[in-house]
Amino acid sequence: MSYYQHRTVGMTAPAPLVDQLRLYHVDMNPYGHRVLLILEAKRAKYEVHRLDPLHLPEWFKEKNPRLKIPVLEIPTDQGDRYLFESVVICDYLDEKYARNPLHSRVPYVKAQDRLLIERFNELIKGSLECFDTNFAYGSDQIIQTLDIFEKELAARGTNYYGGNRPGMLDYMIWPWVERLYLLRCVNERRFDEKRSLFPNFADWGDQMQLDEVVKKHSRSPAEYFDYYKNARAHSMGYYL
């Protein structure tokens, strides 16, 4: 069982770590969501400190001058250390905690998964554009990227990209896929029509929603819809 607590970051820096990790995270941030999934999958002991990106405390700015979010704070014999970039953090966690390995042990497969994570960045850009244009559904970039992942899953012949259970690639792309379900709130019929174009990917999404790691940090389509309807891109710069 993993252990974590939610705290809100204050103006005073938190005490040094002892026997757990600390994640600095902005609520609803998909990159931080990514790290939360890996922390859960690795059953790490951690706590989460919520940040307000518009009012970052000075002590946090000093430790993180590039203002990258999320940030993982790690206890070491030389004092607490900080890691940035969700991909780097997740790779570190997979190497640090041997239990439940998420990356393939086959070098070629691991390399292919990394390429697919990079390819998925185009879907990220397309989804943000979609959410900022009155949820105009059917972004060509989204459809093209989903088609690649549909064919990849069919070629692997497995329920998940990681095989018979979710692996690193599954968890790394899930936060944005979970958010795409908000489009059902816009037009349920059109959402289901698009879904039928990608039967393997749709089945994968259904199975991912039942995963215990995913359920730990999931939000409903209605919650995402309300959030993005009010946020829009002008207040989402810290996602990029």
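Residues: numbered from 1 along the sequence shown.
Proximity of R184 to P221: side-chain heavy atoms (C-beta onward) are nowhere separated by under 4.5 Å. For the pair E40/E212, no side-chain contact is recorded, criterion being any heavy-atom separation below 4.5 Å from C-beta on. Residues R190 and L183 are not in side-chain contact: their nearest non-hydrogen atoms beyond the backbone lie 4.5 Å or more apart. With a 4.5 Å cut-off on side-chain heavy atoms, W204 and Q209 do not count as touching. Side-chain atoms of D19 and K45, non-hydrogen and from C-beta on, do get closer than 4.5 Å to each other. Side-chain contact between V213 and Y171 is present, with heavy atoms from C-beta onward closer than 4.5 Å.
Scanning both residues, P199 and E150, for their nearest heavy atoms gives CD-OE2, 3.4 Å. The shortest heavy-atom contact between K110 and S104 is CB-O, 3.8 Å. Taking every heavy atom of both residues into account, P14 and R22 meet most closely at CG-NH1, 3.5 Å. The two residues L93 and L21 come nearest to each other via the heavy atoms CD2-CD1, 3.8 Å. Shown here for D80 and P16, the closest heavy-atom pair between the two residues is OD2-CA, 3.5 Å. Summarising the geometry of L23 relative to P70, their closest heavy-atom pair is CD1-CB, 3.9 Å, with the distance given to 0.1 Å.
Partner of L51 under the side-chain contact (heavy atoms from CB on, under 4.5 Å) criterion, chosen from L56, D27, V71: L56. The side chain to side chain donor-acceptor pair (under 3.5 Å) with Y24 is formed by just one residue from the set E73, H49, K63; it is E73.
Separating the CG atom in L115 from the CZ atom in R119 is a distance of 11.5 Å, to the nearest 0.5 Å. Atom CG of residue L169 and atom CD1 of residue I117 lie 5.5 Å apart, to the nearest 0.5 angstrom. For the atom pair S86 OG and N29 CG, the distance stands at 8.5 Å (nearest 0.5 Å). Atom-to-atom distance recorded for T76:OG1 and L17:CG is 10.0 Å, nearest 0.5 angstrom.
Counting only distance, with no hydrogens or angles, the side chain of N200 and the backbone of L153 share no donor-acceptor pair below 3.5 Å. The backbone N or O of E223 sits less than 3.5 Å from a side-chain atom of S220, completing a donor-acceptor pair. Remark: side-chain polar atoms of R50 are not paired, donor with acceptor, to backbone N or O of V48 under 3.5 angstrom.
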Evaluation steps, ring-ring contact (aromatic ring centres under 6.0 Å, His included), between F198 and F149: CA-CA 9 Å; F198 311 106; F149 279 79; over 10 Å; no
Tell me, with the steps shown, if K42 and L102 meet side-chain contact (heavy atoms from CB on, under 4.5 Å). CA-CA 9 Å; K42 304 302 287 191; L102 298 174; 3.9 Å; yes
Can you check side-chain contact (heavy atoms from CB on, under 4.5 Å) on I74 and Y82, steps first, answer last? CA-CA 6 Å; I74 304 163; Y82 298 83; over 6 Å; no
Candidate pair Y31 and H25, rule side-chain contact (heavy atoms from CB on, under 4.5 Å), full reasoning: CA-CA 9 Å; Y31 295 95; H25 172 51; over 6 Å; no
One pair to check against salt bridge (charged side-chain N to carboxylate O under 4.0 Å, His left out): E193 and R189. What are the steps and the verdict? CA-CA 6 Å; E193 288 175 354; R189 179 185 60 81; 2.6 Å; yes
Evaluate salt bridge (charged side-chain N to carboxylate O under 4.0 Å, His left out) for R195 paired with D206, printing each intermediate quantity in order. CA-CA 11 Å; R195 174 187 165 96; D206 292 342; 2.5 Å; yes
Please evaluate residues R99 and R43 with respect to the criterion side-chain contact (heavy atoms from CB on, under 4.5 Å), reporting the C-alpha separation (whole Å), side-chain torsions for both, the decisive distance (0.1 Å), and the verdict. CA-CA 8 Å; R99 57 182 174 267; R43 298 191 293 278; 3.6 Å; yes
How far apart are the C-alpha atoms of Y228 and R179, what are their side-chain angles, what is the distance that settles it, and do they pass the side-chain hydrogen bond (donor to acceptor under 3.5 Å, both in side chains) test? CA-CA 10 Å; Y228 283 105; R179 285 156 175 76; 3.2 Å; yes
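Between the side chains of E178 and Y224, at least one donor-acceptor pair of N or O atoms lies under 3.5 Å.
Linking ILVMFWY residues whenever their side-chain heavy atoms come closer than 4.5 Å, directly or via other members, places W59 and F84 in the same cluster. With hydrophobic clusters built from ILVMFWY side chains whose heavy atoms lie under 4.5 angstrom apart, L182 shares a cluster with I143. Y161 and V109 are assigned to two separate hydrophobic clusters, defined by single-linkage of ILVMFWY side chains at heavy-atom distances under 4.5 Å. Hydrophobic clustering (ILVMFWY, side-chain heavy atoms < 4.5 Å, transitive): F120 and L37 are in one cluster. Linking Ile, Leu, Val, Met, Phe, Trp and Tyr whenever their side-chain heavy atoms come within less than 4.5 Å puts L72 and V88 in one cluster.
Here D91 pairs with R114 in a salt bridge; the nearest charged N to carboxylate O distance falls below 4.0 Å. Ion pairing between D113 and R156 holds under the 4.0 Å rule for side-chain N and carboxylate O. Under a 4.0 Å N-O distance rule, the pair D211/K215 does not qualify as a salt bridge.
Using a 30° and 60° split on the angle between ring planes, H33 and H217 fall in the perpendicular class, above 60°. Between Y181 and W174, the ring planes are tilted. Angles from 30° to 60° get that label.
At least one cation-pi condition fails for R165 and Y160: the charged atom is not both under 6.0 angstrom from the six-membered ring centre and inside a 45 degree cone around its axis.
Environment of CG in D77: sparse, with no more than 12 heavy atoms of neighbouring residues, nucleotides or ligands closer than 6.0 Å.
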